[in-house]
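Inspection log for the structure reproduced underneath, given as structure tokens.
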2 protein chains.
Amino acid sequence: MASIKDVAAEAGVSVATVSRVLNDHPSVSEDARRRVMAAVAALGYRPNAVARSLRTDQTHTLGLVISDVLNPYFTELARSVEEEARALGYSVIIGNADERPDLQDHHVRTLLDRRIDGLLVSPTDGGSPLMLDAARAGTPMVFVDRWIPGVDVPVVRSDGRAAVRDLVAHLHGLGHRRLAIIAGPAATTTGRERVEAFREALADLGLPLPDAYIGQGDFQAESGRRVTEGFLDLPEPPEVVFAADNLMALGALDAVRARGLTVPGDLALAAFDDIPWFVHTDPPVTAIAQPTGELGRAAVRALVDRIEGRPPRSVTLPARLVVRRSCGEPPQPLPPSPVQRSTS
Amino acid sequence: MASIKDVAAEAGVSVATVSRVLNDHPSVSEDARRRVMAAVAALGYRPNAVARSLRTDQTHTLGLVISDVLNPYFTELARSVEEEARALGYSVIIGNADERPDLQDHHVRTLLDRRIDGLLVSPTDGGSPLMLDAARAGTPMVFVDRWIPGVDVPVVRSDGRAAVRDLVAHLHGLGHRRLAIIAGPAATTTGRERVEAFREALADLGLPLPDAYIGQGDFQAESGRRVTEGFLDLPEPPEVVFAADNLMALGALDAVRARGLTVPGDLALAAFDDIPWFVHTDPPVTAIAQPTGELGRAAVRALVDRIEGRPPRSVTLPARLVVRRSCGEPPQPLPPSPVQRSTS
DNA sequence: CCTCCTCGTGGAATCGATTACACGACCGCG
DNA sequence: CGCGGTCGTGTAATCGATTCCACGAGGAGG
């Protein structure tokens with residue numbers, strides 16, 4: 001592959017001049033510029049980004065470590081991250097942690113070895129020493145969706161508290177009183193917060209949240225199925241389950257169907273994270289929708305601000321309730337209810 | 001960040017010795033090795049992959065350019081590619097082309113600039129000069145899922161011909177006679193082949209495939225919706241539509257529902273590419289399943305073979321029909337029919 | 001006509017690794 | 001005791017870019 005030396009030789013100038021032309025440095029004669037451009041075209045020369053990075057100590061690359069690519073929520077997040085990054089002149093390397101701390105660590109390590117300019121993380125756990133050290137050592141970093149408390153890193157996330165409250169009000173309004181939740185891992189902020197918000201919203205309405213109605217999931221479909229089976233085996237099963245992410249909701253749907261029961265007849269279902277497929281499931285699933293695309297874009301902007309020396313800002317965007325049929329109420333052609341307007 | 005020089009100084013040896021220890025070269029004294037390891041630990045040293053790549057001309061990175069990350073089929077493909085690559089000691093950079101040739105070109109260019117060791121592509125179109133030149137110039141490359149005819153690059157894909165035949169037989173057996181297809185872009189091999197297979201299977205049963213029953217889609221949901229509306233507006237609408245990918249099937253489902261019609265009552269539906277969600281849609285969708293994970297792994301193995309100097313092999317794996325309820329037949333608890341065993 | 005700037009250019013150092021080559025110490029063998 | 005070989009190590013070249021510095025040519029000003 002042609003190098004800058006070949007171009008210099010072809011154009012009859014020095015490598016310094018070639019470099020200046022390529023980086024359009026002002027002091028290059030028009031003649032030299034033309035000759036260099038001609039040589040570049042003739043040789044099909046493309047600068048070696050590896051060499052350039054070594055010299056400039058910039059890779060123009062961001063790392064994105066997410067918990068699970070197969071989760072449509074994260075897929076969409078990854079897509080919007082890449083789009084915004086591209087618009088700002090950066091590439092993105094995605095690492096899929098699969099909800100496994102060891103894999104997360106592997107990816108963080110690899111990305112740091114490659115000297116990415118900044119790191120976007122949706123942490124699977126409390127954070128490995130490696131990650132915490134990197135943050136402390138000044139690697140530009142931004143948490144997205146999930147974060148690690150007590151670490152001085154900007155956070156871009158959505159606040160589902162109001163939407164959860166709307167959801168609980170909606171369920172209460174439909175007459176449901178025994179509400180259960182399939183929680184996410186306690187090691188994650190989203191895992192804890194959604195339970196907290198749910199508990200508070202219930203408390204406000206004077207409803208209890210017994211321990212038996214809190215199932216421990218891991219954000220994967222299988223755990224949703226398992227927990228739901230547990231609920232159904234209870235002497236007094238819940239009337240509704242709220243899954244803390246879309247995959248566990250899918251598992252719950254499976255579990256209900258496997259017993260020959262129906263949603264919402266035998267058990268109502270709601271989920272955190274809305275995805276296109278929820279419109280098409282049987283029945284369509286009531287869910288809390290995050291502004292996923294905006295989240296990804298804001299995260300990239302914050303990270304690039306940090307990289308380029310501007311002060312980054314944490315961002316919190318509201319989630320909103322989207323009512324469908326999985327909790328019992330047919331979507332009547334009604335004037336928009338307070339519930340559907342939701343949040344802010 | 002500590003460099004190899006710092007480690008050398010700390011350990012009281014030369015950089016050459018440090019490098020030898022790190023690459024466990026045989027001739028290093030036990031004493032030197034210990035001192036270097038201690039220095040590495042003390043400084044938290046991690047080798048700079050950029051510098052290493054420049055020197056060795058290897059990045060241990062593969063590029064993967066896919067047509068659409070939001071399509072669950074490609075998401076799963078990407079995941080299996082990353083897994084297998086990681087197992088073989090490579091990282092993967094994913095480029096999402098979004099079915100746009102210009103974006104595909106952008107990613108190929110960026111990846112080549114980064115001097116990735118090899119490229120996995122599922123081409124969106126006939127291939128840009130850039131990509132064809134790279135292939136001709138000897139960049140290790142493997143096509144996955146889709147390919148470009150006439151280019152000397154190994155192809156890893158699945159053959160859906162037999163499964164399409166099974167599907168048509170299944171539909172015919174259910175009494176359907178007016179079968180339509182939502183085709184993919186003619187610029188893609190998968191777009192063309194699925195139509196071809198469908199047409200041949202119909203011909204074998206003496207059924208026509210009128211032009212009006214061939215809708216032109218682009219593998220995106222919106223086109224599925226549009227084409228399906230066109231079908232429904234026909235004086236004699238088809239009884240079944242076969243969507244050439246899962247997203248267009250989703251669009252078709254939307255279109256049918258938007259008219260207040262039902263699947264399969266008013267229009268039966270089948271799709272190429274099976275995805276977990278098809279189990280949960282209303283109704284569950286009959287689909288042709290590719291061995292996606294195996295495809296991704298085989299593609300990586302072929303590419304790495306090529307990179308490491310072994311002869312790469314093209315691979316073709318069979319797809320199989322998965323019957324659900326969207327074509328009319330309830331899934332009776334019957335002895336496995338020839339249709340369900342399918343293909344090979 | 002001399003001096004001082006500016007402009008365009010090239011030489012060479014540099015980034016952080018790998019690795020060919022040279023060299024000294026030490027061993028065994030004749 | 002001398003010679004050749006092995007072993008461990010260091011020096012320096014190298015990968016392909018960027019960029020500091022120096023230098024010569026040419027123009028402006030005194």
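Note on naming: letters A, B, ... go to the chains in the order of the sequence lines (proteins, then strands), and numbering restarts at 1 for each one. If you're wondering where the values come from, they're calculated on a predicted model, not measured in any experiment.
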So, are [X] and [Y] salt-bridged, with charged N and O less than 4.0 Å apart?
| X | Y | result |
| --- | --- | --- |
| Arg109(B) | Asp113(B) | no |
| Lys5(B) | Glu10(B) | no |
| Asp145(B) | Arg157(B) | no |
| Arg297(A) | Glu82(A) | no |
| Arg100(B) | Asp102(B) | yes |

Specify the separation, in whole Å, of atom [atom1] of [X] and atom [atom2] of [N].
| X | N | atom1 | atom2 | result |
| --- | --- | --- | --- | --- |
| Arg46(A) | dG16(D) | CZ | P | 16 Å |
| Asp6(B) | dG16(C) | CG | C1' | 10 Å |
| Lys5(B) | dA13(C) | NZ | C1' | 11 Å |
| Ile4(A) | dA12(C) | CD1 | P | 17 Å |
| Arg52(B) | dT18(C) | CZ | C1' | 9 Å |
| Asn23(B) | dG16(C) | CG | C1' | 13 Å |
| Asn48(B) | dT18(C) | CG | C1' | 13 Å |
| His60(B) | dA17(C) | NE2 | C1' | 14 Å |

Exercise. So with a 6.0 Å cut-off around CZ of Arg46(A), is the heavy-atom count from everything else above 12?
Worked result: yes
Check whether any side-chain heavy atom of [X] sits under 4.5 Å from a side-chain heavy atom of [Y], and report yes or no.
| X | Y | answer |
| --- | --- | --- |
| Glu30(B) | Arg33(B) | yes |
| Pro149(B) | Thr189(B) | yes |
| Ile93(A) | Leu111(A) | yes |

Seminar exercise, completed: Readout for nucleotides 9-14 of chain D: B = base within 4.0 Å of protein heavy atom, S = sugar-phosphate only, - = neither; 5' to 3' it is BBB-BB
Exercise. With a 4.0 Å cut-off on heavy atoms, is Ser3(A) in touch with a base, just the backbone sugar-phosphate, or nothing at all?
Worked result: sugar-phosphate
For this session: Give Asp57(B) one of three labels, base, sugar-phosphate or nothing, depending on what nucleic acid heavy atoms sit under 4.0 Å from its own.
Result: nothing
Problem set entry | side-chain contact (heavy atoms from CB on, under 4.5 Å), paired with Glu99(A), selected from Asn71(A), Ile66(A), Thr124(A) | Thr124(A)
Exercise. At what distance, to the nearest 0.5 angstrom, does CZ of Phe74(B) lie from CG of Leu247(B)?
Worked result: 9.5 Å
Problem set entry | Close approaches to DNA chain C from residues 107-114 of chain A, in residue order (heavy atom, under 4.0 Å) | none
Problem set entry | Axis-to-axis angle between the two ends of the helix from dC1(C)-dG30(D) to dG30(C)-dC1(D) (five base pairs per end, rounded to 10 degrees) | 60°
